[in-house]
Amino acid sequence: MNAFSRRGACPALSAPMQTGDGLLVRLNPVAGGLLPKSLIGLGEAASRHGNGIMEVTARGSLQIRGLTPASARLLAMEVNALGIAVRTGVLVETGPLAGLDPQEIADPRPLAERIRAAIAEAGLAQRLGPKVSVIVDGGGQLAMDVVTADVRLAAVRVDAGTQWRVVVAGDSQTATLLVMVEEDAARDIAVAILRMIAEKGREAHARDLSRRQLRSLASWRVLPPSILPDISPSRGEIGGFVVGSSSAASEIGENRDQSAISPLEGEMSGRTEGGAVERLPVPARFPIGIFDLTDGIALGIGLPFGSMPAEKIIALTQYALTLGAAEIRLAPGRALLFIGLSPTACRSLQQAATTLGFVTDAADPRTRIAACPGAPACASGRIATRDIAETIAAENRDLLDASVTLHISGCAKGCAHPGPAALTLVGGENEAGLVVDGTAKALPAGYRPGYDAARGVGRIAAAIREARFRGETTAACLTRLGAAGVTELYRQE
């Protein structure tokens with residue numbers, strides 16, 4: 001830990017990242033979950049060595065904030081003492097209920113492990129950038145549809161068996177389809193794509209691959225494993241091993257959007273991990289509520305805006321331990337999944353979580369708000385983002401339907417939400433600016449004092465209530481009102 005990672009790199013335990021409120025580290029347990037006592041220990045360490053704030057990102061990683069160079073080293077020692085093994089190198093992810101979900105098409109963990117082993121054997125971790133990622137999605141109740149990746153393998157039922165849909169660069173809606181193959185070929189193609197990316201340098205992503213390279217992979221069915229370590233896919237050798245053809249090959253670079261391939265950078269959003277898109281296409285769902293497992297049930301509890309004081313996470317986990325929780329998994333969507341509880345214990349833990357201020361209802365309006373720590377927690381923050389967010393959520397629940405995301409950013413960096421949002425409040429020299437259908441980096445069209453920003457959004461909400469047609473979404477109504485009209489409502493005294 002001799003140097004701190006630059007913004008945009010993954011702030012791993014061994015390479016914390018400098019942020020506006022000190023150093024930040026991100027942890028991904030190798031085991032996929034944490035023992036309750038381990039999470040309690042992490043919370044205590046976060047209180048001792050950081051600013052006492054713990055987060056779960058949109059991608060489902062645990063973050064500890066407010067560290068110093070000295071305390072980051074102490075934290076690393078305590079993580080090791082707790083026996084928590086954390087993932088390093090290329091991120092190969094599976095869903096939060098992998099191996100436990102009766103609705104899974106296939107358990108993705110064996111394929112994920114085979115890909116990790118192939119990456120290690122090929123020495124790719126040192127050649128790929130820290131944000132390159134692979135998703136192996138077995139489907140089920142909490143599929144990984146909204147999480148972006150350079151390579152995505154999704155299980156698909158075919159007759160009586162299973163095949164894997166291989167797509168590159170994006171989430172389940174924006175990624176480019178390559179081919180459907182058996183498990184062995186899926187592994188080999190995934191590693192071949194990573195090799196192609198590595199050849200282009202540590203700044204490269206799947207979006208940087210050429211149409212010719214992707215076509216060669218789309219028509220690839222079987223490659224002898226003995227050949228894989230020695231070939232150079234970017235020079236086209238894969239084309240010599242074609243065993244079949246794919247209708248997907250004609251789509252690559254022709255009719256598909258190649259611009260939506262790579263994730264952006266950031267902190268709260270999980271952008272430095274590769275990002276997660278802040279929308280929920282059907283059938284994806286928030287990881288909040290009760291989920292039936294093959295053996296037992298899981299209870300999903302959300303962190304408002306992805307963040308909670310460590311003392312509250314400790315209190316909730318201690319109570320879960322008394323109720324019989326055996327494991328806690330981190331879930332994309334900024335949530336914790338408590339596993340091993342009885343139905344009665346689930347209800348008790350839900351009630352306790354509600355009292356502590358956690359999100360226990362998937363319809364909670366706070367799930368539609370992305371808010372960074374803001375002032376005074378972050379030195380870069382110009383407005384009290386969390387206070388504004390809580391006020392808006394409490395007063396304008398009907399505004400925050402599933403069609404919109406409200407982004408409240410303490411500054412123009414936009415750490416909590418990389419992409420455009422229906423409405424963005426951004427702190428600056430002129431207090432809280434409003435951006436309609438844009439990002440925090442855009443020039444705001446209207447301003448009002450930061451302490452009064454929630455009232456400005458309340459005026460927009462009131463206009464929507466008055467103008468909205470029966471059954472119309474907030475997003476559609478905002479479009480009808482127009483950016484200029486919405487901005488004028490926000491500015492009104």
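Values below: every heavy atom of this structure, side chains too, minus hydrogens, waters and symmetry copies.
- The shortest non-hydrogen separation linking A393 to L400 is CA-CD1, 4.2 Å.
- Closest non-hydrogen pair, M54 versus A310, comes out as SD-CB, 3.7 Å.
- Atoms CG and CD1, from L24 and I53 in turn, are 12.0 Å apart once rounded to the nearest 0.5 Å.
- The structure places OG1 of T479 at 7.0 Å from CG of D437, a figure rounded to the nearest 0.5 Å.
- In this structure, CZ on R152 lies 4.0 Å from CD1 on I135, to the nearest 0.5 angstrom.
- Taking every heavy atom of both residues into account, A389 and F305 meet most closely at CB-CZ, 3.5 Å.
- In this structure, L443 and Y447 approach most closely via the heavy-atom pair CD1-OH, 4.1 Å.
- Salt bridge annotation for D361-R397: present, with a cationic side-chain nitrogen under 4.0 angstrom from a carboxylate oxygen.
- Neither side chain, S307 nor R65, offers a donor N or O lying under 3.5 Å from an acceptor on the other.
- Judged by distance alone, the side chains of T474 and R468 do bring a donor and an acceptor atom under 3.5 Å apart.
- Between atom CZ of residue F286 and atom CG of residue D364 there is a gap of 9.5 Å, rounded to the nearest 0.5 Å.
- The nearest pair of heavy atoms linking S38 to I84 is CB-CD1, 3.9 Å.
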